[in-house]
Amino acid sequence: MQSINQFVELPLFAEKNITVVIKREDLLHPFISGNKFRKLKYNILAAQAQGKSTILTFGGAYSNHIAATAYAAKENGLKAIGVIRGEELQNSWQRNTTLQKAHEDGMRFKFISREAYRQKEEENFIERLKNEFGEFYLVPEGGTNSSAIKGCEEIITQNDEQFNIICCSVGTGGTVSGVINASVLQQRIIGFSALKGDFLNAEIQKMVKKENWEVNNDFHFGGYAKVTEELVRFINDFKQKTQIPLDPIYTGKMMFGLYQMIKLDTFAPGTKILAIHTGGLQGITGMNSILKKKNLPLLHI
Ligand SMILES: *Cc1c(COP(=O)(O)O)cnc(C)c1O
């Protein structure tokens, strides 16, 4: 399955003679957003091949991965369990649009404290989950494992060899690793980190063999899921001018960063850039409820 490449037409890009094309992975599926579709594909097949009838995974309250896993499991006749960070959600999850939709899609939840959540990779924690729920196929937080990386390699096609630069948002690094694997050596891959801290370089290094990439840590806006008024205004303005919606946690920050870099003449005139729209639009409603409480401008839907 291939998503469409779309020109991003903005005066700055024309003025600098830079071609920016966005790969609309957000349009791949109405509910299994962008890269999560790619990451789940081979995991679902592996679960089925192993004869597992349940998928268990982890995530936060607004997680695109939780939403995607719930729907993908349903679509493939599997049961889904979401282990969700935050005990306090036990009594309020019905007001969270991400969790509400995942529940509608048949996902069962287990809410755990932030401390317990930190142990989620430990063997005896997983053993206890097996005692509670029976056998399951485990997908790690964010969905990143070798099957996920293999799926993300399919984001890039032969036709994309024409681009000099490929930009991709980074959470766990699984998606950008797939993109790096599928790239050609003359291309440069820039991963825009959505997280604070510079541990992602080392993480990605474990998943790839090539060296034609870098992680940019300048546009996380204070950390994961942190947003500023400037970012919200950029996303709204971008949508108004291009008709392309961006999410505030990943793709909005990537595009903001790319825009700044072009403005600062980071790339030579004539450079052709492919930016990957990894999806995540389901999170906008949840983010707007947070923005409203903080009296910040809302994202246009
Ligand atoms: C999860 C997600 C990412 C990050 O993907 P990783 O493989 O964890 O790096 C990027 N963009 C969107 C929209 C996502 O939902």
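Ligands are counted one by one from 1 in listed order, and the atoms in each one are counted from 1 as well. Every value quoted in this text rests on a predicted model; they were computed, and no experiment measured them. Numbers for residues simply follow the sequence, beginning at 1.
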Enquirer: Looking only at heavy atoms of Gly173, does any of them come nearer than 4.0 Å to an atom of ligand 1?
Expert: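 It does, in that a heavy atom of Gly173 comes within the 4.0 Å cut-off of ligand 1.
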Enquirer: Looking only at N/O atoms, are Asp247 and ligand 1 under 3.5 Å apart anywhere?
Expert: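 No, no N or O pair falls under 3.5 Å.
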Enquirer: Out of all atoms in ligand 1, which are within 4.0 Å of some heavy atom of Gly279? Include the element for each.
Expert: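 Under 4.0 Å from Gly279, ligand 1 has these atoms: 13 (C).
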Enquirer: Check whether the side chains of Asn35 and Thr175 place a donor and an acceptor atom closer than 3.5 Å, and report yes or no.
Expert: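 There is such a pair between these side chains.
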Enquirer: Would Asn212 and Ser183 count as having a side-chain donor-acceptor pair, cut-off 3.5 Å?
Expert: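 Yes, Ser183 and Asn212 have a side-chain donor paired with an acceptor closer than 3.5 Å.
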Enquirer: Identify, for atom 2 (C) of ligand 1, the protein heavy atom at the shortest distance, and state residue, atom and that distance.
Expert: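 The closest heavy atom on the protein side is Lys36 NZ, 2.4 Å.
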Enquirer: Can you classify the ring geometry of Phe58 versus Tyr117 as parallel (below 30°), tilted (30 to 60°) or perpendicular (above 60°)?
Expert: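 Perpendicular.
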Enquirer: I'd like to know if the side chain of Glu25 pairs up with that of Ser3 as donor and acceptor (distance under 3.5 Å, no hydrogens or angles considered).
Expert: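 Yes, Ser3 and Glu25 have a side-chain donor paired with an acceptor closer than 3.5 Å.
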Enquirer: Val170 heavy atoms, cut-off 4.0 Å: which ligand 1 atoms fall inside?
Expert: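 Answer for ligand 1: 9 (O).
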Enquirer: Heavy-atom pairs closer than 4.0 Å: do any link ligand 1 to the side chain of Ile249, the backbone, both, or neither?
Expert: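 None of Ile249 does.
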Enquirer: Give a yes-or-no answer on whether the side chains of Lys272 and Asn164 include a donor-acceptor pair shorter than 3.5 Å.
Expert: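 Asn164 and Lys272 do not have a side-chain donor-acceptor pair below 3.5 Å.
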Enquirer: Does atom NZ of Lys210 have more than 12 heavy-atom neighbours, drawn from other residues, nucleotides or ligands, at distances under 6.0 Å?
Expert: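 Enclosed: over 12 neighbouring heavy atoms sit under 6.0 Å from NZ of Lys210.
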Enquirer: Would you check if there is a donor-acceptor pair between the side chains of Gln282 and Asn64 at a distance under 3.5 Å?
Expert: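 Asn64 vs Gln282: donor-acceptor pair found between side chains.
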Enquirer: Is any N or O atom of Thr175, backbone or side chain, closer than 3.5 Å to an N or O atom of ligand 1?
Expert: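 In this structure, Thr175 places an N or O atom under 3.5 Å from an N or O of ligand 1.
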Enquirer: Report the residues that fulfil ring-ring contact (aromatic ring centres under 6.0 Å, His included) with Phe31, sequence neighbours left out, ordered by chain and then residue number.
Expert: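 Partners of Phe31 by the ring-ring contact (aromatic ring centres under 6.0 Å, His included) criterion, ordered by chain and then number, come out as Tyr71.
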Enquirer: Should you measure from each heavy atom of Gly280, which atoms of ligand 1 turn up under 4.0 Å away?
Expert: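 So the atoms of ligand 1 that pass are 13 (C).
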Enquirer: For atom 11 (N) of ligand 1, grab the closest protein heavy atom and report residue, atom and distance to one decimal in Å.
Expert: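 Atom 11 (N) of ligand 1 sits closest to the protein heavy atom Thr278 OG1, 2.7 Å.
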Enquirer: So is Val176 touching ligand 1 or not, going by heavy atoms under 4.0 Å?
Expert: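 Contact check Val176 vs ligand 1: negative.
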Enquirer: Number the atoms of ligand 1 from 1 as they appear, then name those within less than 4.0 Å of a heavy atom of Gly174, with their elements.
Expert: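 Here the atoms of ligand 1 in question are 6 (P), 7 (O), 9 (O).
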Enquirer: For atom 12 (C) of ligand 1, grab the closest protein heavy atom and report residue, atom and distance to one decimal in Å.
Expert: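 Closest protein heavy atom to atom 12 (C) of ligand 1: Tyr250 CD1, 3.2 Å.
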Enquirer: For Tyr259, which of Phe219, Phe192, Phe13 qualifies under ring pair (Phe, Tyr, Trp, His ring centres under 6.0 Å)?
Expert: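 The single option meeting the ring pair (Phe, Tyr, Trp, His ring centres under 6.0 Å) with Tyr259 is Phe13.
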Enquirer: Could you walk me through whether Thr144 and Lys39 pass the side chain to side chain donor-acceptor pair (under 3.5 Å) test, one step at a time?
Expert: CA-CA 7 Å; Thr144 291; Lys39 295 173 90 167; 2.9 Å; yes
Enquirer: So is Met254 close enough to ligand 1, meaning a heavy atom under 4.0 angstrom away?
Expert: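 Met254 does not count as a contact of ligand 1 under the 4.0 Å cut-off.
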Enquirer: Considering both backbone and side-chain atoms of Ser33, is one of its nitrogen or oxygen atoms within less than 3.5 Å of a nitrogen or oxygen in ligand 1?
Expert: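 No, no N or O pair falls under 3.5 Å.
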Enquirer: Indicate, as side chain, backbone, both or neither, the part of Lys39 found under 4.0 angstrom from ligand 1 when only non-hydrogen atoms are considered.
Expert: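 Side chain only.
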Enquirer: Kindly confirm or rule out an N or O of Asn35 lying under 3.5 angstrom from an N or O of ligand 1.
Expert: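 Yes; the residue has a nitrogen or oxygen that sits under 3.5 Å from a nitrogen or oxygen of the ligand.
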Enquirer: Walk me through whether Glu87 and Arg114 qualify under salt bridge (charged side-chain N to carboxylate O under 4.0 Å, His left out).
Expert: CA-CA 8 Å; Glu87 278 169 316; Arg114 282 163 179 76; over 6 Å; no
Enquirer: Gly171 versus ligand 1: do any nitrogen or oxygen atoms come within less than 3.5 Å of each other?
Expert: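 Yes: some nitrogen or oxygen of Gly171 is under 3.5 Å from one in ligand 1.
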